[in-house]
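Single-structure report; data block below.
Atoms considered below: every heavy atom in the structure, side chains included; atoms not considered: hydrogens, waters and symmetry mates. Quick caveat, the model's predicted, so the values are computed rather than measured.
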Number of protein chains: 2
Amino acid sequence: MSIRHGLLALLEHGPRYGARLRSELESRTGATWSLNVGQVYTTLNRLERDGLVVQDGEDSSGHALYRITEEGRSELDSWFRSPVDRSNPPRDELAIKLAMAVNAPGVDVRDVIQLQRHHTLRAMQDYTRLKAGTPEPPPDRPEEMAWVLVLEQLIFQTEAEVRWLDHCEARLVRMAAAAGTRQAEAGTRQDPADDGTPRGRSRRASRSR
Amino acid sequence: MSIRHGLLALLEHGPRYGARLRSELESRTGATWSLNVGQVYTTLNRLERDGLVVQDGEDSSGHALYRITEEGRSELDSWFRSPVDRSNPPRDELAIKLAMAVNAPGVDVRDVIQLQRHHTLRAMQDYTRLKAGTPEPPPDRPEEMAWVLVLEQLIFQTEAEVRWLDHCEARLVRMAAAAGTRQAEAGTRQDPADDGTPRGRSRRASRSR
DNA sequence: CCGAGTATGTATACCAGGTATGTTCGTGTC
DNA sequence: GACACGAACATACCTGGTATACATACTCGG
């Protein structure tokens with residue numbers, strides 16, 4: 001739904017043709033979210049199908065212009081007036097990966113964390129470098145302003161990811177220590193039924209139930 | 001790609017049937033990312049098509065069991081051994097919305113920010129409350145462990161979003177002040193050509209170029 | 001001036017994720 | 001025995017993401 005509304009928002013500044021929408025949207029998000037060309041046209045078609053937009057005449061150069069309709073305007077308005085739903089957030093691949101790595105046979109979660117941490121930090125550096133090369137936001141340049149905000153969003157999110165990874169590692173270390181002492185204390189069960197956590201490289205072809 | 005690999009990872013613990021995969025995946029992510037039933041089956045079909053999985057016999061109750069293949073195992077392995085790419089992150093609807101709100105006619109960015117801030121904070125409270133109700137992670141319960149990590153990821157991300165929103169507002173206030181003084185100083189241009197930023201609720205039907 | 005290469009603008013096909021809905025089948029209840 | 005219900009499975013449809021085809025225009029070297 002983000003592209004749909006993004007295009008609508010751009011069209012409220014006046015009629016545009018496809019390629020221009022693409023470039024305007026990109027100039028607002030920097031190169032970070034390069035929008036594939038085709039998506040603009042398919043999305044425009046869907047918008048037209050839903051009556052939020054109409055194809056309306058041509059450019060001086062013959063480009064087909066799209067114009068926002070009243071219905072589109074009200075749709076856009078209600079988009080701005082309602083928050084993005086954070087109560088069921090999009091799936092995050094990294095979170096799923098860690099959740100799986102916790103007890104995957106032959107996988108050490110801490111390796112996964114370290115690997116990712118390194119990669120994410122690198123991305124972070126790229127972003128901060130990018131930001132350092134960007135002048136302080138110009139008050140009358142909405143496009144550049146927008147792109148700075150987007151960039152900062154990426155920085156905030158990325159930093160949070162690093163902190164989360166560190167947190168995970170600390171927690172796992174703490175847990176491993178606890179499990180270690182417990183095992184040393186009482187020599188408890190090693191391989192409970194099927195879904196125990198095989199530490200190390202056991203990789204059995206378990207097959208049960 | 002996250003569901004694909006998530007299912008593969010579960011199958012490495014042994015053959016499973018569709019519905020069981022669904023429930024196991026959900027128990028690792030809590031109710032936060034409830035996986036639609038149909039997606040499991042379509043994904044399994046694709047996995048089978050790609051040779052990462054085979055349908056292999058039946059349950060005692062007649063459920064069709066899927067088993068991971070060697071190819072699937074190596075695919076999974078390379079997933080765990082390579083980081084999630086953060087150099088071109090997924091589009092974030094909120095970031096796009098703010099980027100658009102910056103100069104959308106008839107929209108005050110700060111309203112959008114405040115609205116979202118409120119909503120995001122509420123989500124944050126839900127998460128922390130959920131976490132408070134969860135006992136400290138049990139060392140030998142990988143599923144619960146995984147779900148705690150996922151929950152904490154959500155908390156970290158959500159918190160970062162709130163901080164970003166605050167940062168945006170501060171920046172916009174600062175910017176508005178700067179623009180204000182500049183205007184007071186020199187009485188500069190109010191509506192540059194087409195893409196100026198109409199402050200307040202002007203909502204003109206702009207149509208230009 | 002012409003033709004090759006490149007940029008711009010448009011269109012289409014395909015894949016994956018997300019959601020809703022439909023179907024079958026067994027079980028339990030009145 | 002009819003019915004309701006839940007579990008397991010299947011399908012249709014929409015959106016987002018990516019690659020690619022294709023036409024036109026522009027440019028640059030011969």
Side-chain angles (χ1 to χ4, degrees), chain A residues 1-8 15-27 29 31-53 55 57-66 75 79 84-85 87-93 95-97 209, chain B residues 1-8 15-27 29 31-50 52-53 55 57-66 75 79 84-85 87-93 95-97:
Chain A
M1 302 269 91
S2 48
I3 294 182
R4 198 179 157 87
H5 289 109
L7 293 185
L8 262 189
R16 306 274 132 111
Y17 57 90
R20 183 171 174 196
L21 287 170
R22 172 187 135 91
S23 63
E24 287 191 358
L25 204 150
E26 282 202 353
S27 69
T29 57
T32 45
W33 291 329
S34 67
L35 181 58
N36 189 286
V37 216
Q39 237 169 307
V40 177
Y41 298 100
T42 51
T43 306
L44 279 175
N45 283 336
R46 295 199 264 252
L47 284 170
E48 189 167 23
R49 176 199 60 189
D50 300 342
L52 308 182
V53 138
Q55 201 167 350
E58 288 192 350
D59 207 36
S60 56
S61 334
H63 303 137
L65 289 177
Y66 286 85
E75 166 67 24
W79 185 55
V84 174
D85 183 24
S87 55
N88 45 334
R91 244 168 272 278
D92 179 64
E93 183 171 353
I96 290 189
K97 192 192 270 195
R209 245 184 255 222
Chain B
M1 302 269 88
S2 47
I3 294 182
R4 199 178 155 86
H5 289 110
L7 293 185
L8 262 189
R16 306 274 133 111
Y17 56 89
R20 182 172 174 195
L21 287 170
R22 174 187 134 93
S23 63
E24 288 191 0
L25 204 149
E26 282 203 353
S27 70
T29 57
T32 45
W33 291 328
S34 66
L35 182 59
N36 189 287
V37 215
Q39 237 167 310
V40 177
Y41 299 101
T42 51
T43 306
L44 280 174
N45 283 336
R46 294 198 266 254
L47 284 170
E48 189 168 24
R49 177 198 60 189
D50 299 342
L52 308 183
V53 138
Q55 201 166 347
E58 289 193 350
D59 209 34
S60 57
S61 334
H63 303 138
L65 289 177
Y66 286 85
E75 166 67 25
W79 185 55
V84 174
D85 183 24
S87 56
N88 44 334
R91 245 168 270 280
D92 179 65
E93 183 170 353
I96 289 189
K97 192 191 268 194

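Residue B:Thr42 places its side chain closer to D:dT11 than to any other of D:dC9, D:dG17, D:dT11.
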Using the rule given for side-chain contact (heavy atoms from CB on, under 4.5 Å), can you reason through A:Ile3 versus B:Arg91, listing the C-alpha separation, both sets of side-chain angles and the distance that settles it, and then say yes or no?
CA-CA 9 Å; A:Ile3 294 182; B:Arg91 245 168 270 280; 4.1 Å; yes

Checking side-chain contact (heavy atoms from CB on, under 4.5 Å) for the pair B:Gln39/B:Arg22: CA distance, chi angles, key distance, verdict?
CA-CA 9 Å; B:Gln39 237 167 310; B:Arg22 174 187 134 93; over 6 Å; no

Let me see the working for A:Val40 and A:Leu25 under side-chain contact (heavy atoms from CB on, under 4.5 Å), right down to the final yes or no.
CA-CA 10 Å; A:Val40 177; A:Leu25 204 150; over 6 Å; no

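Ionic pairing of B:Glu93 and B:Lys97 is not present here: no N-O contact between side-chain nitrogen and carboxylate oxygen is shorter than 4.0 angstrom.
Counting to the nearest Å, the P atom of D:dT15 and the CG atom of A:Leu8 are 13 Å from each other. Atom-to-atom, CZ of B:Arg16 to P of D:dA7 comes out at 19 Å; the value is rounded to the nearest Å. Rounded to whole Å, the distance from CD on B:Glu26 to P on D:dA8 is 13 Å. To the nearest angstrom, P of D:dT18 lies 13 Å from CH2 of A:Trp33. Distance CD (A:Glu48) to C1' (D:dC14): 18 Å, rounded to an integer number of Å. The distance from atom OH of B:Tyr17 to atom P of D:dA10 is 14 Å, rounded to the nearest whole Å. One interatomic measurement links the two molecules: CD of B:Gln55 to C1' of D:dC9, which rounds to 11 Å at whole-angstrom precision. The CG atom of B:Leu44 sits 14 Å away from the P atom of D:dA8 (whole-angstrom rounding).
Listed pair B:Tyr41 / D:dA10 fails the phosphate criterion, with no side-chain N or O lying under 4.0 Å from OP1 or OP2. Of the side-chain N and O atoms in A:Gln39, none sit less than 4.0 angstrom from OP1 or OP2 of D:dG16. Listed pair A:Arg49 / D:dT15 meets the phosphate criterion, a side-chain N or O lying under 4.0 Å from OP1 or OP2.
Among the protein residues, B:Gly18 comes within range of the sugar-phosphate backbone only, with heavy atoms under 4.0 Å from sugar or phosphate atoms but none that close to a base. If you check every strand for non-hydrogen atoms under 4.0 Å, A:Arg4 touches sugar and phosphate atoms only.
Rounding to the nearest 0.5 angstrom, the gap separating the CG atom in A:Leu35 from the CD atom in A:Glu24 is 12.5 Å.
Nearest-nucleotide positions on DNA chain C for B:Val37 and B:Arg46 put B:Arg46 closer to the 5' end. Nearest-nucleotide assignment on DNA chain D puts the 5′-proximal partner with B:Tyr66, out of A:Ser34 and B:Tyr66.
Across every non-hydrogen atom of A:Tyr66 and A:Gln55, the tightest pair is OH-OE1, 3.7 Å.
Judged purely by atom type and a 3.5 angstrom limit, B:Asn36 uses its side chain to pair as donor or acceptor with the backbone of B:Gly38.
For DNA chain C, the span of nucleotides reached by chain B at under 4.0 Å from its heavy atoms goes, 5' to 3', from C:dA16 to C:dA20.
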